[in-house]
Structures are given as C-alpha cells and as structure tokens.
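All residue numbers in this chain count up from 1 along the given sequence. Note that the structure is predicted; figures quoted are calculated from it, not measured.
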Amino acid sequence: RNGYVANAYHDGDYNYYNRNKSHPNMGYNYKGCNGGLKINCDYFPESDIEMIEQSIKDYINESLFITYYMTVSGHLEYNYKDNIIARKNKKYVEDLNYDESIKAYLATQIELNDALELLINTLEEKGKLDDTVIVILPDHYPYGLNLNAVNELSSHQKDDVIGVNESSLIIWNSKMKNVEVDKTCMSIDVLPTVYNLFNIEYDSRLFAGNDILSTRNGLAIFNKRSWVSDKGKYYGVDSKYIGEEVDDAYIKNMNNLMNNKINISKLIVKNNYYKYLKDNGLFKNN
C-alpha cells in the first residue's frame with residue numbers, strides 16, 4: 001500500500017516448502033528455479049551470483065522496491081565431490097588449515113559474498129545504493145557440519161541445543177553509522193525492528209517478536225522448549241538454568257512467555273487469523 005514493487009527470488013526449487021504459494025500470498029511477485037528464474041538449475045546448490053544477475057533487472061529501475069532473496073549457494077553437502085559451488089571456489093580456501101568439510105563450507109559462502117558484491121556494485125552504479133537498506137539473516141545454522149567442525153570455526157565452545165544456533169543479523173545502509181547491538185534476539189524480531197526503523201505503522205500485538213532496538217528484554221526460543229534471555233539460558237529437557245542469579249518466579253515467567261509465543265503463533269496459522277482481520281477490515285491502513 002506504500003507503493004513498493006515487491007519481488008521475491010529463490011535459487012532453489014521454486015515450489016520447495018510451497019514457496020510458490022506462500023510468497024505470492026505475502027504479496028510478492030515470486031520466481032525460483034524451474035519457476036521463472038532463468039539460471040542454471042541443473043545442479044545443487046545453485047549459484048547466488050546467477051540469481052542476482054538474472055533478477056536485479058526486474059526492479060533496479062523502479063523508484064521504490066522491496067526484494068526478498070532466499071539464497072542457497074551456502075547449503076550442504078560440504079565436500080568437493082558433491083558440491084559444485086564448493087569446487088568452484090576451492091582455490092580460495094585450499095591453503096586453510098581445516099579439514100575438507102570446513103573448507104568446502106567456507107568455499108560455498110564465498111559465492112554469497114560475491115553475489116552481495118555484485119548487488120551492491122549494481123545498486124551503486126544505478127545511484128540507488130545510498131537509499132537502499134540491506135537486511136541479512138541466516139535461516140539456520142550449517143547443519144551439514146558436525147558440532148566439532150562448528151566449534152573449530154567458533155571463538156568459544158557451543159552446545160548442540162542453544163549455542164549451535166548463535167548467529168548474526170546485519171541491517172546495513174551505505175550512509176549509516178555502524179552500531180553493534182549485543183542483545184538477545186531471534187528471527188521473529190527482525191520484521192518489527194525494520195518496521196520501526198522505517199517508521200511504518202503496525203499493530204505490535206499481531207507479531208510474536210519485538211523491536212530489537214527497544215527497551216524490552218530479549219528472548220530467543222530454541223528446540224525442546226529451551227530459551228535464552230538477557231539474563232541466562234534455560235534448557236527445557238533438563239529444566240536447567242545457567243546465568244545470572246534469578247528466582248523461581250523469573251524462570252516461571254519466562255517459560256510462560258515462551259509458551260504463549262509458541263501457542264499464539266500456532267493459532268494464528270491454524271485459524272488463518274490474518275485473513276480474518278483483513279476480511280473484517282481490522283488491519284490498520286488496510
């Protein structure tokens with residue numbers, strides 16, 4: 001409704017996880033491998049560079065655009081035999097002191113790095129870079145590596161429930177001052193954060209996440225009803241808490257908050273709640 005041309009792209013199979021249904025339902029013009037995206041889809045993982053090359057012309061000349069990319073070049077398998085992207089970039093990592101799986105993993109990430117370079121350079125050439133915000137968020141940890149390999153790349157030891165999922169969110173504009181935010185957050189917090197940065201009005205009750213830059217305490221939820229807050233970690237299987245000293249009421253409150261977020265999210269999907277709001281004119285500025 002704000003006049004943005006909205007496109008989404010995935011350089012994996014266009015209908016994997018029914019993205020051919022979910023992305024148009026969210027308002028995107030969607031293309032993927034074997035579904036409108038004209039790249040080489042005869043191998044896996046496909047090239048993020050090719051995806052940028054073939055898609056950027058769809059929107060680069062628009063005055064307002066939002067573009068969603070689901071990349072795939074960094075996906076497993078992490079070896080040179082089965083991964084064409086790892087083989088392509090092998091020369092850049094072969095002198096590193098790691099075993100093949102780690103070097104192959106790093107080699108695949110070079111493809112994404114080069115795709116981002118192409119994207120940024122093209123935006124700059126077209127005079128769009130300074131007015132563009134790029135948000136980068138991984139959707140999962142590299143589960144093609146075992147935990148020992150993950151820890152070999154890490155500055156500290158990670159466990160297989162919470163630690164292995166540690167990651168980074170990047171929100172970047174060429175003119176912004178770099179600010180590092182060391183706060184507990186998770187993927188569901190990204191959208192409300194970006195909305196507030198763009199001063200877009202929304203009803204915060206309709207989101208399970210919170211603005212990361214707000215004063216609200218952070219919470220990240222993991223498998224087996226485990227969580228991390230700004231005070232510590234809780235492992236659901238063992239009912240074990242590690243961190244700052246807190247009382248039982250704090251643990252109970254955080255467990256209730258976690259369970260509410262999970263249950264509300266399930267019910268929103270089960271009952272198609274957003275459609276109900278839309279059909280009844282209850283979305284603001286709809």
Side-chain angles (χ1 to χ4, degrees), residues 2-93 104-140 142-144 170 172-174 187 190-191 194:
N2 291 322
Y4 285 76
V5 173
N7 293 297
Y9 304 94
H10 177 46
D11 46 345
D13 288 339
Y14 82 106
N15 58 353
Y16 198 72
Y17 289 147
N18 286 322
R19 290 190 176 102
N20 57 313
K21 298 178 181 178
S22 62
H23 283 57
N25 191 51
M26 291 187 285
Y28 289 112
N29 303 309
Y30 172 65
K31 295 179 182 179
C33 251
N34 301 309
L37 185 62
K38 305 299 183 181
I39 67 172
N40 188 345
C41 299
D42 294 333
Y43 57 81
F44 182 88
E46 294 86 355
S47 171
D48 295 340
I49 296 174
E50 291 182 16
M51 176 170 63
I52 298 296
E53 287 175 337
Q54 295 303 313
S55 63
I56 198 166
K57 59 182 180 291
D58 292 347
Y59 60 85
I60 193 63
N61 293 317
E62 299 288 345
S63 57
L64 294 173
F65 55 80
I66 174 172
T67 306
Y68 174 86
Y69 285 112
M70 172 66 76
T71 68
V72 79
S73 289
H75 215 285
L76 55 74
E77 300 285 339
Y78 297 129
N79 60 64
Y80 298 126
K81 175 179 177 292
D82 302 311
N83 193 313
I84 190 172
I85 299 296
R87 291 199 301 273
K88 174 184 176 182
N89 296 315
K90 179 181 179 181
K91 60 185 177 183
Y92 300 114
V93 300
Y105 163 72
L106 295 173
T108 64
Q109 306 312 308
I110 290 173
E111 193 77 0
L112 172 60
N113 182 78
D114 291 348
L116 285 168
E117 182 181 32
L118 173 62
L119 174 63
I120 290 170
N121 288 344
T122 307
L123 288 167
E124 188 170 33
E125 290 168 5
K126 295 292 185 177
K128 301 293 181 72
L129 182 63
D130 292 348
D131 196 34
T132 299
V133 174
I134 295 177
V135 182
I136 303 175
L137 177 70
D139 66 334
H140 57 73
Y143 50 76
I170 298 172
W172 181 83
N173 170 263
S174 60
S187 58
V190 177
L191 188 57
V194 172

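Using a 4.5 Å heavy-atom cutoff, the side chains of Ile60 and Leu123 are in contact. Side-chain contact check for Asn89 versus Thr108: every heavy-atom pair is 4.5 Å or farther apart. Using a 4.5 Å cut-off on side-chain heavy atoms (C-beta onward), Met70 and Asp139 make contact. Between Tyr17 and Ser22 there is no side-chain heavy-atom pair separated by less than 4.5 Å. Side-chain contact check for Ile39 versus Ser47: every heavy-atom pair is 4.5 Å or farther apart. Side-chain contact check for Ser55 versus Tyr69: some heavy-atom pair is nearer than 4.5 Å.
Scanning both residues, Ala104 and Tyr80, for their nearest heavy atoms gives N-OH, 3.9 Å. Taking each heavy atom of Leu137 and Ser187 in turn, the nearest pair found is CD2-CB, 3.8 Å. Across all their heavy atoms, Leu37 and Tyr9 have their closest contact at CD1-CD2, 4.2 Å. The minimum heavy-atom distance linking Leu118 with Glu53 is given by the pair CD2-CG, 3.3 Å.
Checked options Leu116, Ile120, Thr132, Ile136; the residue passing with Trp172 is Ile120 (criterion: side chain to side chain contact (heavy atoms under 4.5 Å, CB included)). The residue from Asp58, Thr67, Asn7 that alone fulfils the side chain to side chain contact (heavy atoms under 4.5 Å, CB included) condition with Asn29 is Asn7.
The residues Asp13 and Arg19 are annotated as not salt-bridged, no charged nitrogen and carboxylate oxygen being separated by less than 4.0 angstrom.
Gln109 contributes a side-chain N or O that, together with a main-chain N or O of Gly74, makes up a donor-acceptor pair within less than 3.5 Å. Judged purely by atom type and a 3.5 angstrom limit, Ser73 uses its side chain to pair as donor or acceptor with the backbone of Glu46. For the pair Asn83 (side chain) and Ala86 (backbone), a donor-acceptor distance under 3.5 Å is present. At distances below 3.5 Å, not a single donor-acceptor pair connects side-chain atoms of Asn173 with backbone N or O atoms of Val133.
For the atom pair Ile56 CD1 and Met51 CE, the distance stands at 11.0 Å (nearest 0.5 Å). Remark: Leu119 CG to Lys128 NZ distance equals 12.0 Å, nearest 0.5 Å. Between the CG atom of Asp48 and the CG atom of Asn113 there is a distance of 10.5 Å, given to the nearest 0.5 Å. Atoms NZ and CD1, from Lys88 and Ile84 in turn, are 9.0 Å apart once rounded to the nearest 0.5 Å. Atom-to-atom distance recorded for Ile52:CD1 and Asp114:CG is 11.5 Å, nearest 0.5 angstrom.
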How far apart are the C-alpha atoms of Tyr30 and His10, what are their side-chain angles, what is the distance that settles it, and do they pass the side-chain contact (heavy atoms from CB on, under 4.5 Å) test? CA-CA 8 Å; Tyr30 172 65; His10 177 46; 3.7 Å; yes
May I have the step-by-step check of side chain to side chain donor-acceptor pair (under 3.5 Å) for Asn40 and Glu50, ending in yes or no? CA-CA 8 Å; Asn40 188 345; Glu50 291 182 16; 5.4 Å; no
Quick one, Val194 with Val135, criterion side-chain contact (heavy atoms from CB on, under 4.5 Å). Give me CA distance, side-chain angles, the key distance, then yes/no. CA-CA 9 Å; Val194 172; Val135 182; 4.1 Å; yes
Would Val5 and Ile66 count as a side-chain contact (heavy atoms from CB on, under 4.5 Å) here? Give the steps. CA-CA 6 Å; Val5 173; Ile66 174 172; over 6 Å; no
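In the displayed structure, Tyr43 atom OH is contacted under 6.0 Å by more than 12 heavy atoms of other residues, nucleotides or ligands. The number of heavy atoms from other shown groups lying within 6.0 Å of CG (Asp130) is above 12. Atom NZ of Lys81 has 12 or fewer heavy atoms from other residues, nucleotides or ligands within 6.0 Å.
Between His23 and Tyr28, the angle of the ring planes lies from 30° to 60°, which puts this pair in the tilted group. Below 30°, between 30° and 60°, or above 60°: for His140 and His75 the angle between ring planes is above 60°, a perpendicular geometry.
Under the 6.0 Å distance and 45° angle rule, Lys31 does not count as a cation-pi partner of Tyr14.
Ring centroids of Phe65 and Tyr4 are separated by 6.0 Å or more, keeping the two rings apart.
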